[in-house]
K.L.:
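Take a look at this one; I'll ask things after.
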Amino acid sequence: MTTTTQTAKVATALTNGAELTAKQIASRYGVKNVRAVISKLRSEGFSIYLNKRVSSFDGETYSKYMIGTPTRAVVAAGYKALRSA
């Protein structure tokens, strides 16, 4: 029997196009520390963004994690950091 880690499950969902709030990640995948999981995925090379949204239902602001494409400036900054290390 193989088991899939919580981090792998979150990575799969985001890679498949899901946009998830921290509450959704915690409840669907049993993650206790969402920020740690997202940080680990980012350190593994995933371009995960946290976008703020405003609900059309009640006007509340909420944030969703999603996979995106990094801008040229972000890629350039990464290469610059690697050169200076």
K.L.:
What residues form a side chain to side chain donor-acceptor pair (under 3.5 Å) with S55, not counting sequence neighbours?
P.N.:
D58

K.L.:
Going by side-chain heavy atoms closer than 4.5 Å, which hydrophobic residues are tied to V74, directly or by a chain of links?
P.N.:
none

K.L.:
To check you understand the geometry: which heavy-atom pair defines the closest contact between Y62 and T21, and what is its length?
P.N.:
CD1-CG2, 4.2 Å

K.L.:
Quick check: do Y79 and S84 have side-chain heavy atoms less than 4.5 Å from each other?
P.N.:
no

K.L.:
Which pair of heavy atoms, one from S63 and one from K52, lies closest together, and at what distance?
P.N.:
OG-CG, 3.6 Å

K.L.:
Listed by chain and number, what are the salt bridge (Lys or Arg N to Asp or Glu O under 4.0 Å) partners of R42, not counting sequence neighbours?
P.N.:
none

K.L.:
Taking only residues at least two apart or on different chains, which pairs with a member in residues 60-85 satisfy salt bridge (charged side-chain N to carboxylate O under 4.0 Å, His left out)?
P.N.:
none

K.L.:
If you look only at pairs with a residue in residues 8-32, which of them pass as a salt bridge (charged side-chain N to carboxylate O under 4.0 Å, His left out), with sequence neighbours excluded?
P.N.:
E19-R53

K.L.:
Does S39 reach the main-chain N or O of R35 with its side chain, forming a donor-acceptor pair under 3.5 Å?
P.N.:
no

K.L.:
Remaining members of V10's ILVMFWY cluster at a side-chain heavy-atom cut-off under 4.5 Å?
P.N.:
L14, L20, I25, Y29, V31, V34, V37, I38, L41, F46, I48, L50, Y65, I67

